[in-house]
Number of protein chains: 2
Amino acid sequence: MTIDPHADRAMYRQLSDLLGAGIRSGKYQPGMPIPSEAMLMERHGVARNTVRLAMEVLRDQGLVVTRHGRGTFVRTDEDESAQNIA
Amino acid sequence: MTIDPHADRAMYRQLSDLLGAGIRSGKYQPGMPIPSEAMLMERHGVARNTVRLAMEVLRDQGLVVTRHGRGTFVRTDEDESAQNIA
DNA sequence: CATCATTTGTCCGTATGTATC
DNA sequence: TGATACATACGGACAAATGAT
């Protein structure tokens with residue numbers, strides 16, 4: 001689906017809905033990266049801020065974990081127990 | 001010339017203007033490398049992102065070609081014909 | 001062969017300014 | 001006024017390619 005700039009729902013929420021559905025459906029598997037910010041910007045025609053807001057929602061929902069310089073990954077059981085001190 | 005952070009024109013565009021002029025004037029000859037990202041960052045006091053945005057403009061203008069691990073070079077006639085499969 | 005420095009590639013983290021609704 | 005969205009810019013982390021040693 002595409003994002004509608006004129007919809008009632010904010011674009012970043014439309015995007016987090018979209019990605020969240022992809023995770024729950026298994027399209028994005030645990031431990032695997034979801035598309036990068038740059039990819040999502042291009043695919044959906046939105047600004048980086050908007051993508052990042054969507055990511056923040058997904059993090060708050062516990063669906064993904066983000067690693068600086070690496071990417072954002074679908075959360076696994078390993079991720080939830082602790083901050084993986086190692 | 002130097003880059004003015006307060007100018008109307010974005011810094012990355014000022015930089016691409018500068019380098020583009022250098023190429024067209026012959027200061028940078030075809031096939032020769034233009035300064036590395038690190039050099040341009042230091043010389044002009046800008047961030048790497050800004051340098052890279054300027055490079056992207058020059059590539060879009062067909063003025064340069066960039067090679068991973070090598071550098072960015074002023075485009076030659078050889079460059080334009082194909083992707084140099086070799 | 002391994003190692004290292006250099007350089008570009010790909011990522012996210014953060015901040016500011018502007019504009020719109 | 002506040003939420004949303006875009007553009008710009010600086011930082012920082014990590015990866016990959018290259019060339020020299």
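Residue numbering restarts at 1 for every chain, and letters A, B, ... go by the order of the sequence lines.
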### Summary
chain A vs DNA chain D, heavy-atom contacts under 4.0 Å, first-to-last nucleotide span, 5' to 3', is dT4(D) to dC14(D)

### Message
Within the 4.5 Å heavy-atom criterion, are E56(A) and D60(A) side-chain neighbours or not?
### Response
yes

### Task
Apply salt bridge (charged side-chain N to carboxylate O under 4.0 Å, His left out) to R48(B) and list each qualifying residue two or more places apart in sequence or on a separate chain.
E37(B)

### Query
Using a side-chain heavy atom cutoff under 4.5 Å and only I, L, V, M, F, W and Y, what cluster partners does V65(B) have?
F73(B)

### Task
Between protein and nucleotides 6-15 of chain C, map the contacts as a letter string: B base, S sugar-phosphate only, - none, heavy atoms under 4.0 Å, written 5' to 3'.
-BBBBBBBBB

### Query
Taking five pairs at each end, how big is the angle between the two axes of the helix from dA2(C)-dT21(D) to dC21(C)-dG2(D), to 10°?
10°

### Task
Name all residues meeting the side-chain hydrogen bond (donor to acceptor under 3.5 Å, both in side chains) criterion together with R9(B); count only those two or more places apart in sequence or in a different chain, and write none if there are none.
D17(B)

### Task
Quick one: name the residues clustered hydrophobically with M32(A), using the 4.5 Å side-chain heavy-atom rule over I, L, V, M, F, W, Y, and just say none if it's on its own.
none

### Query
Who passes side-chain hydrogen bond (donor to acceptor under 3.5 Å, both in side chains) against T72(A), sequence neighbours left out?
T66(A)

### Message
Using the side-chain contact (heavy atoms from CB on, under 4.5 Å) criterion, which residues pair with D4(B)? Sequence neighbours excluded.
### Response
H6(B), A7(B), Q14(B)

#### Entry: Residues which pass side-chain contact (heavy atoms from CB on, under 4.5 Å) with I23(B), listed by chain and number, not counting sequence neighbours
Y28(B), L63(B), V64(B), V74(B)

#### Entry: M39(B): partners by side-chain contact (heavy atoms from CB on, under 4.5 Å), with sequence neighbours left out
P35(B), S36(B), R43(B)

### Shared-cluster residues of Y12(A), by chain and number - hydrophobic side chains joined below 4.5 Å
L53(A), V57(A)

